[in-house]
Protein chains: 2
Amino acid sequence: MSLPHAILTALLEKPSSGLELTRRFDRSIGYFWSATHQQIYRELGKLEKAGLIRALPTDSPTRGQKKEYEVLASGREELERWVAGQDEPRDPRDPLLLRLRAAGVVGVGDGLLEELRRHRELHAARLAEYREFQRRDAARGHGTERDRVQGLVLQGGIDLELFWVNWLDKAIDGLAVPGTAS
Amino acid sequence: MSLPHAILTALLEKPSSGLELTRRFDRSIGYFWSATHQQIYRELGKLEKAGLIRALPTDSPTRGQKKEYEVLASGREELERWVAGQDEPRDPRDPLLLRLRAAGVVGVGDGLLEELRRHRELHAARLAEYREFQRRDAARGHGTERDRVQGLVLQGGIDLELFWVNWLDKAIDGLAVPGTAS
DNA sequence: CCTCATTGTGCAACTTGTTGCATAATGAGG
DNA sequence: CCTCATTATGCAACAAGTTGCACAATGAGG
């Protein structure tokens, strides 16, 4: 039950159409919870039917016509309720860990080593991107609670990518030269 | 397409029945990729139909009767093929990050702070558990490739929990005393 | 031997996420 | 004005994961 709340959050920050939301997910929110445009449109429909958001009125009908949504009071309340809720930590569910574990059984091939290096670079790139965000944010203020919270979330992203880069370095190192002493 | 391969890996390590697999998922593999018994039984059925595993022959029929599965040659090949494959890193998809981001918009309540502390303790407990595994493994050998690979996977789990504990400490610290200096 | 908790397997229905395609409006270029 | 790429919304079908329940065997205790 996270996607609708992710959408409510995004719409509270700025009312948007489905496609705008999709693009914003590709940039910011989607780094933590990605979604395709299909999921987003479907969820927008549900949220509207549930009376949590509404489409800003336009003249012409719908198809192929931009439709902007804004969050209603009940939507904001629902989000507040959700924020105060709980759930259990999820397993990381990254296939790479599983793949490595499987490689322990059927043998590590060159393909896997290459894949680890590739992921290392992807995570390093993501890390650089986040640090750029952080640099930009530092220029602007940190006054409001909102700024500080978003800074923490971003820090979480950075720390997580740091984990990946560092662990992948260990893993690559540990696998590259199996029986050799340096 | 990860669950079938997780199952193949587990069955290669040790042929098992559905329930045994479920229990093993609750302990080791499931830390990275959890699955309910339903998913496992369904997947075992598919894998058997696909000719990648087979049920070890028994006398009596099936219902409520333990059925052990073992991996066939084609199953092992499939797993080897998969290990050499690729996929893209997934987003972390942890609701807690989303929740915090939403809190940036609708305001951080006491409930959330408590939730962060709770998660911190859960991750710390998991970390302790992993370190216990590591201590036990260190007692046994590290000779084979398999041992070294499993050590790396475990190290990944440890580093990941370390990330959570450290970041949650930062987050709790950053939210607990909003406007106060020290 | 009968009941009942436990072990073990499984179906059905639902939710969430993915993939491929269809369709409508709009504006730029020939 | 006609075509065509782009923007924008959406349906349908599928795959993956979750939840709730049903049912069969087994062995222990009354």
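Lettering of chains follows the sequences in order, A, B, ..., and the numbering in each one begins at 1.
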Select from S34(A) and H37(A) the residue whose nearest nucleotide in DNA chain C is closer to the 5' end of that strand.
-> S34(A)

Could you tell me how far apart [X] ([atom1]) and [N] ([atom2]) are, to the nearest whole angstrom?
| X | N | atom1 | atom2 | value |
| --- | --- | --- | --- | --- |
| I40(B) | dC11(C) | CD1 | C1' | 17 Å |
| L47(B) | dA16(D) | CG | C1' | 14 Å |
| R23(A) | dT6(D) | CZ | P | 12 Å |
| E20(A) | dA8(D) | CD | P | 7 Å |
| D26(B) | dT18(D) | CG | P | 12 Å |
| K67(B) | dA24(D) | NZ | C1' | 13 Å |

Rounded distance (nearest 0.5 Å) linking atom [atom1] of [X] with atom [atom2] of [Y]:
| X | Y | atom1 | atom2 | value |
| --- | --- | --- | --- | --- |
| S34(B) | I29(B) | OG | CD1 | 11.5 Å |
| M1(A) | W82(A) | CE | CH2 | 10.0 Å |
| R99(B) | H5(A) | CZ | NE2 | 8.5 Å |
| Q39(A) | I7(A) | CD | CD1 | 8.0 Å |

For dT9(C), does OP1 or OP2 lie under 4.0 Å from any side-chain N or O of S17(B)?
->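 Looking at the OP1 and OP2 atoms of dT9(C), one of them is under 4.0 Å from a side-chain N or O of S17(B).
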
So, is Y41(B) close to the dT9(C) phosphate, meaning a side-chain N or O under 4.0 Å from OP1 or OP2?
-> yes

Within 6.0 Å of CD in E70(A), more than 12 heavy atoms from elsewhere | yes

Could I get the full list of side-chain contact (heavy atoms from CB on, under 4.5 Å) partners for E20(A), not counting sequence neighbours?
->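 Only S16(A), S17(A), K66(A), E68(A) meet the side-chain contact (heavy atoms from CB on, under 4.5 Å) criterion with E20(A).
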
Sequence-distant partners of R117(A), side-chain contact (heavy atoms from CB on, under 4.5 Å), two or more places apart = L113(A), I172(A)

Name the orientation class of the two ring planes belonging to Y130(B) and Y31(B) (parallel below 30°, tilted from 30 to 60°, perpendicular beyond 60°).
-> perpendicular

Within the sub-3.5 Å range, which N or O atoms of nucleotides 14-17 of chain C have a protein N or O partner, and how far apart are they?
from: dG17(C); atom 1: OP2; to: Q39(A); atom 2: NE2; distance (Å): 3.2
from: dG17(C); atom 1: O5'; to: Q39(A); atom 2: NE2; distance (Å): 3.4
from: dG17(C); atom 1: N7; to: R42(A); atom 2: NH2; distance (Å): 3.3

Between the side-chain atoms of Q38(A) and the base atoms of dG10(D), is any donor-acceptor pair under 3.5 Å?
-> yes

Could you work out which one of dA8(D), dG10(D), dG10(C) sits closest to the side chain of L19(A)?
-> dA8(D)

Salt bridge R101(B)-E13(A), side-chain N to carboxylate O under 4.0 Å |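 Looking at E13(A) together with R101(B), the answer is yes, because their closest N to O distance falls below 4.0 Å.
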
Any Lys/Arg nitrogen of R81(B) or E77(B) sitting under 4.0 Å from an Asp/Glu carboxylate oxygen of the other?
->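 Looking at E77(B) together with R81(B), the answer is no, because their closest N to O distance does not fall below 4.0 Å.
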
Set of residues satisfying salt bridge (charged side-chain N to carboxylate O under 4.0 Å, His left out) with respect to R27(A), sequence neighbours excluded =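 If we apply the salt bridge (charged side-chain N to carboxylate O under 4.0 Å, His left out) test to R27(A), skipping adjacent residues, there are no hits.
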
Find the bend of the helix from dC1(C)-dG30(D) to dG30(C)-dC1(D) as the angle between its two terminal axes (five pairs each), to the nearest 10°.
-> 10°

Near-strand residues of residues 7-14 of chain B, defined as heavy-atom separation under 4.0 angstrom from DNA chain D | none

